[in-house]
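For the numbers below, each heavy atom of this structure counts, side chains included, while hydrogens, waters and symmetry mates do not. Whatever order the structure lists ligands and atoms in, that order sets their numbers, starting from 1. Keep in mind the model is a prediction, meaning the values are calculated, not measured.
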Amino acid sequence: MKIRIPATSANLGPGFDSCGIALSQYLSIEVLEIAEEWVIKHSLGTDIPNDKSNLLIQTALKIAPDLTPRVLKMTSDIPLARGLGSSSSVIVGGIELANRLGNLNLSQKDKVQIATEIEGHPDNVAPAICGDFVVASYVDGEVHSVKHHFPMCDVIAYIPDVHLLTSESRSVLPASIPYKEAVQASSIANVMIAAILNGNLPLAGVMMEKDRWHEAYRKKLVPHLDQIRNLGHTVGVYGAFLSGAGPTVLILSPEEKTEKMVQELEKLPLSAAINVLSIDKEGIQVF
Ligand code: HSE
């Protein structure tokens, strides 16, 4: 059995802690033979445990404590601590592992609820499970989510060669914001979502760049965001936003503008990977 989970990008600007998309980069877990102890074979670096202390096994055992240990093989092209949902992909993988090996028959809704309780917000785990574009709320312990088709476009990921932990990026956010500002921030998010549902990416892109919930506070940690936005306006892409807690910036681009945008991004002084991705439509898959 092989489990494959997509990378994700949360927030999309004003959809803070609520909106997310699944992307065409993946974590794969191959389930091999039964063993005395859990073993995870991987070549993802010495920081990632290869025994049962790995987040994948920890998550699976939280849900199904009596699972028989196995040898697993883990491969991933989702970079760590860059705002592309690497830890969410592991949590979602652990839930699916418990679901399959423990015959739990979890529904998609169950998985989204459990994953959100573990992660604390639904905007990465929900698209990792459902695929495509997901809008979700997590209020009073209950998750509600809606999956919808995301309009066709290229997704350029500008991934700086630096780690930024979500905890650090959340520590710069204010404890509260004035009521009037919250109403404005909410209206911007509402129009962005409605524009996506309408297939109107030019308008969605404009609204993505007007976030009032988090990006302004995080700008000092991600000074390249404004530079990329300015380049995007010159080239004529739809819009750019901080992917999750950063430091990755995602740029939504019409296919014909992608090459030019990538050329411009390559000129920036920061050391970064630039990947042209697409939206993953399926979410988690088990083969
Ligand atoms: N919504 C979260 C944030 C996503 O921006 O902090 C990262 O986990």
Side-chain angles (χ1 to χ4, degrees), residues 5-23 25 27 55 59 76 78-95 112-130 133-139 143-146 150 155 157-160 162-177 182 185-186 188-190 192-193 196 207-225 228-229 239-252 280 283:
I5 309 105
T8 46
S9 179
N11 300 331
L12 277 68
F16 181 67
D17 274 2
S18 174
C19 295
I21 47 176
L23 298 169
Q25 280 190 302
L27 165 71
L55 178 62
T59 305
S76 180
I78 307 175
L80 303 179
R82 305 295 166 81
L84 289 167
S86 59
S87 66
S88 294
S89 68
V90 176
I91 290 169
V92 168
I95 293 169
V112 172
Q113 178 71 35
I114 296 167
T116 301
E117 285 169 12
I118 295 171
E119 176 76 354
H121 38 86
D123 45 342
N124 288 107
V125 292
I129 293 166
C130 307
F133 169 53
V134 181
V135 183
S137 63
Y138 181 40
V139 178
V143 182
H144 292 282
S145 69
V146 175
F150 197 83
V155 182
Y158 182 85
I159 312 170
V162 287
H163 289 186
L164 177 55
L165 292 177
T166 298
S167 50
E168 187 188 347
S169 189
R170 286 181 91 85
S171 72
V172 299
L173 301 177
S176 61
I177 64 172
S186 165
I188 292 166
N190 296 341
M192 177 197 70
I193 293 166
I196 291 172
M207 303 320 282
M208 280 171 187
E209 299 197 353
K210 290 188 184 295
D211 163 64
R212 302 283 174 93
W213 295 117
H214 68 112
E215 286 185 353
Y217 308 102
R218 288 172 159 169
K219 260 182 193 163
K220 52 186 175 232
L221 300 173
V222 286
H224 51 284
L225 176 60
I228 292 175
R229 280 201 170 134
F241 55 88
L242 195 60
S243 183
T248 294
V249 173
L250 282 203
I251 301 115
L252 302 184
D280 171 281

Ligand 1: protein residues within heavy-atom distance under 4.0 Å: A10, N11, F16, D17, H121, D123, N124, T166, R170, R218, G244, A245
Side-chain donor/acceptor of S171 to backbone N/O of E168, under 3.5 Å: yes
Step by step, would you call I118 with V125 a side chain to side chain contact (heavy atoms under 4.5 Å, CB included)? CA-CA 10 Å; I118 295 171; V125 292; over 6 Å; no
Under the salt bridge (charged side-chain N to carboxylate O under 4.0 Å, His left out) test against E215, which residue among K210, R229, K220 passes? R229
Side chains of T248 and R82: donor-acceptor distance under 3.5 Å anywhere? no
Distance-only criterion, 3.5 Å: show the donor-acceptor pairs between side-chain atoms of residues 10-20 and protein atoms not counting sequence neighbours.
residue, atom, partner, partner atom, Å
N11, OD1, D17, N, 3.0
N11, ND2, G244, O, 3.2
D17, OD1, R170, NH1, 3.1
D17, OD2, R170, NH2, 2.7
S18, OG, A136, O, 2.7

Determine the minimum heavy-atom distance between C130 and V112, stating which atoms define it. SG-CG2, 4.0 Å
